[in-house]
Number of protein chains: 2
Amino acid sequence: MSGRRGTNLPRMGDYNLRVVLDQIRRSRTGVSRIELSELTGLSAQTITNLVTRLIADRRVVEGARHVSGPGKPRTMLHVRPESGHAIGVHIDPLALTVALVDLSGAVVDRRVQPLPPTAAETVDLIAAEVRHVRESHELEHLHGLGVAAPGPIDLDAGRMVRPPLLAWGDVPLRDLIRSATGLATVLEKDVTAAMAAEIWQRHHTLRGTTLFTYLGYGIGFAFARDGELLTGASGNAGETGHIIVDADGPPCWCGNRGCIGIASSMDYLVEQGGDLGLLEPWDPSLPPWRIEVRMERLAALAADGDARARDLLEVCGRRIAHGIVLVADLLDADRVVVGGANWERMRPYVVPAATEELGRFGTMRDLHAVEVEGTDLGIWVGAVGAASLVLDRALSPHATALLSAAE
Amino acid sequence: MSGRRGTNLPRMGDYNLRVVLDQIRRSRTGVSRIELSELTGLSAQTITNLVTRLIADRRVVEGARHVSGPGKPRTMLHVRPESGHAIGVHIDPLALTVALVDLSGAVVDRRVQPLPPTAAETVDLIAAEVRHVRESHELEHLHGLGVAAPGPIDLDAGRMVRPPLLAWGDVPLRDLIRSATGLATVLEKDVTAAMAAEIWQRHHTLRGTTLFTYLGYGIGFAFARDGELLTGASGNAGETGHIIVDADGPPCWCGNRGCIGIASSMDYLVEQGGDLGLLEPWDPSLPPWRIEVRMERLAALAADGDARARDLLEVCGRRIAHGIVLVADLLDADRVVVGGANWERMRPYVVPAATEELGRFGTMRDLHAVEVEGTDLGIWVGAVGAASLVLDRALSPHATALLSAAE
């Protein structure tokens, strides 16, 4: 273990090129060279040189000349969104979603399919979806394929490791998908990818400590600080489902009751709905997409004023809120972003409960507010995030890239 | 919000000076200029210039000439430990500890006093202790005073914010101590300081994700990644005491049972010991140091084979272990370091339980081991950490220091 390494000029140049591209990318209305110099602290000459390189690479174009005040008009610079793309795929028990994302972060295409029952069929479907996307668009440069999948994941090996939400066992997913598609493939945990989508979409303005909560078929967390993912020793941070959120909750296989994994799960809600006669009787052999159909019905009943359905969702909402507040408090988060297939249905029950719980026992209640907000990316957040990770690795400035190669 | 900024030559030079000083500091047997060049990736000429500056500043000295192989003998470089010091103070309900730490991280002096009942008396005692330390040592350069205190803390204002463990209310501790001592003062949360001590003592070799668990009068957590503290929105990450670790545990004021704060607290153990007749009857007006005397007796009874005392500590150990495993799993930690006044007593009960819990439900159990180890710094870890924070701010390389001043 040799510790910190120094920095040098070629690394500095590449870093600064990424800094400038990043600033241009995040400026929705364009940015001038002088503004870039002010924004980045780099000299006018350095900016001119870097912008010349970016224009030659066709990453950036000059736009309108902008007159402000008595000085020379400023030429606005914009990224060329079509100069780079990535495809993202999200493998979720409820569906396979696919998104094509361009350099500006815009979602150019999106597709959804039922998830096949086996890993082999899923790999085939992903290959077909990728082929379809590539045939439907003329892509100048495809940076690669990102795949978001339920954790835990062995990221080094690119394998799923007995994910609780998919009975696929240990699957070397990254290599299977790379072979099937012929694309450079990044495999990431679903919630981490969703967090990456928020970071990329908000153009690195997601400062402070952010907690992403993914509420789909199950629940998971991801963390970021100042727009950088915090993923832990093996990239599986946020995976735990055994935080107790209600000591009177349903029994968990771990021996405790009311663990967040089971207490917030869609199948437990639908089972309860069956037990109360609000839905057909519970059948554990139902495929996830059929459980989601019943979940949708349960949410509609509650929205229409059915008191028993409402009670079920309120209790579940409080449990989810309790878990979110515990984790947000532990991390001292500024902001909680929630997304996933079950979020819109649960939102009316989770948000007020979270506000109440934060005020009731949150350690930070005297220090700062904690915002709880929904993602703008809907059910696409995982797939968009998987694509964002590919673009991010290819294009974004990271302070660590300044340091010479690690030990 | 303006995003990433660039880097430039003066920042690079200062950063590289810190990189070189840091490498010399962490090399216990000295390091040559050629080795520094290999370790840092910086050119031989750059290293020569930076070392010349460090020798002129009397931070670094040349030592023995080391002959290895046929080449020119290499002159070994060492930090001058006496070229810089910091004083650390740890305010804990159980005691006030003081440590004088030199540039090498060595603890040159340490003192312990009972904690006075009020904030005003504590500030006076700190001023007297600092005076005593300064009079007892000839210090070339005192970088400042670090103060570790129970959270939550408003770090910007330098205030304690109604810490649950000290009934002092809101105290502007930093300014009071700065006025009383005349020293530049850094106020930090106790567990964060303890984590900083581990980082500084291990010379930035604490890679990966580390969870520090402080087990004193109460319990708290702190997090680091690759030797950098992760402290959250307001610097209070790890403060929560409401993770449920045993649904059959004692009632908490928040309405739940078995929250980790109460279930792992020294006064609850001593109260239980009183209820069982193992100790004198519980008296809520006892000062913390007298509770610790009883805690010590309870631990001695258990060690001597008293079955009821042993049961109490085993149940408590399992609860603490459950909490540690939940948090370690959530963060996907590589390593858990535990310290604090109650750690040595609880260690025989916590370590085996943690191993068992990790194997039972830890999400990461198939992916990597999680080491649970004790700090080498004993009860001094908070005070040493507070001093380390002062030295760290003054001397260590941080990648963010490369970037131009933030927005």
Side-chain angles (χ1 to χ4, degrees), chain A residues 1-8 12 15-16 19 22-23 26 39-42 152 154 161-162 203-205 207-209 221 225 230-240 242-244 247 254 256-257 326-327 329-334 360-361 363-364 366-368 397 399-400 402-404, chain B residues 1-8 12 15-16 19 22-23 26 39-42 152 154 161-162 203-205 207-209 221 225 230-240 242-244 247 254 256-257 326-327 329-334 360-361 363-364 366-368 397 399-400 402-404:
Chain A
M1 201 73 73
S2 69
R4 305 276 165 165
R5 295 177 62 84
T7 187
N8 57 34
M12 208 167 75
Y15 179 79
N16 285 340
V19 166
D22 193 52
Q23 284 288 1
R26 62 167 73 204
L39 285 164
T40 62
L42 296 168
D154 181 339
V161 184
R162 299 194 275 142
H203 294 256
H204 296 276
T205 58
R207 295 280 151 170
T209 301
F221 299 103
R225 185 183 62 164
L230 299 173
T231 59
S234 64
N236 285 288
E239 197 53 28
T240 193
H242 298 287
I243 298 168
I244 297 173
C254 80
N256 289 324
R257 296 187 78 93
L326 273 180
V327 178
D329 215 33
L330 187 69
L331 297 170
D332 193 3
D334 301 79
R360 193 167 66 81
F361 76 89
T363 313
M364 310 313 161
D366 296 328
L367 287 161
H368 60 90
T400 47
L402 273 166
L403 310 181
S404 308
Chain B
M1 200 73 74
S2 69
R4 305 278 165 165
R5 296 178 60 84
T7 187
N8 57 33
M12 210 168 74
Y15 179 80
N16 286 339
V19 166
D22 193 52
Q23 284 288 359
R26 64 167 73 204
L39 285 165
T40 62
L42 295 168
D154 181 339
V161 184
R162 298 194 277 144
H203 293 256
H204 296 275
T205 57
R207 296 280 150 169
T209 300
F221 299 103
R225 185 183 61 165
L230 299 173
T231 59
S234 64
N236 284 289
E239 198 53 26
T240 193
H242 298 287
I243 298 167
I244 297 173
C254 80
N256 289 323
R257 296 188 77 93
L326 274 180
V327 178
D329 215 33
L330 188 69
L331 298 170
D332 192 3
D334 301 80
R360 192 168 67 81
F361 76 89
T363 313
M364 311 312 161
D366 296 327
L367 286 162
H368 61 88
T400 47
L402 273 166
L403 310 181
S404 309

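In what follows, chains carry the letters A, B, and so on, assigned in the order in which the sequence lines appear, proteins first and then strands, with residues in each chain numbered from 1. As the structure is a computational prediction, the values presented were derived from the model and not from experiment.
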(request) Give, as side chain, backbone, both or neither, the part of B:Leu367 having an atom under 4.5 angstrom from any heavy atom of chain A. (result) side chain
(message) Going by side-chain contact (heavy atoms from CB on, under 4.5 Å), B:His242 matches just one of A:Leu326, A:Leu330, A:Asp329. Which one?
(response) A:Leu326
(request) List for me each residue that meets side chain to side chain donor-acceptor pair (under 3.5 Å) alongside B:Arg360, sequence neighbours excluded, and say none if there are none. (result) B:Glu357
(request) Sort out for me which of B:Gly208, B:Cys254, B:Ala247 touches chain A most, counting heavy-atom pairs under 4.5 Å. (result) B:Cys254
(request) Taking salt bridge (charged side-chain N to carboxylate O under 4.0 Å, His left out) as the test, write out the residues that go with A:Arg257, two or more places apart. (result) none
(message) Testing the basics here: between B:Ala237 and A:Asp332, what is the closest heavy-atom pair and its distance to 0.1 Å?
(response) N-CB, 3.4 Å
(request) Check whether A:Asn236 gets within reach of chain B through its side chain, its backbone, both or neither, counting any heavy atom under 4.5 Å. (result) both
(message) Measuring from atom CG of B:Leu331 to atom OG1 of A:Thr231, what distance do you get when rounded to the nearest 0.5 angstrom?
(response) 11.0 Å
(request) Against chain B, label A:Phe361 side chain, backbone, both or neither, depending on which of its atoms sit under 4.5 Å from a heavy atom there. (result) both
(message) How long is the straight-line distance from CG of A:Leu230 back to OG1 of B:Thr209, given to the nearest 0.5 Å?
(response) 8.0 Å
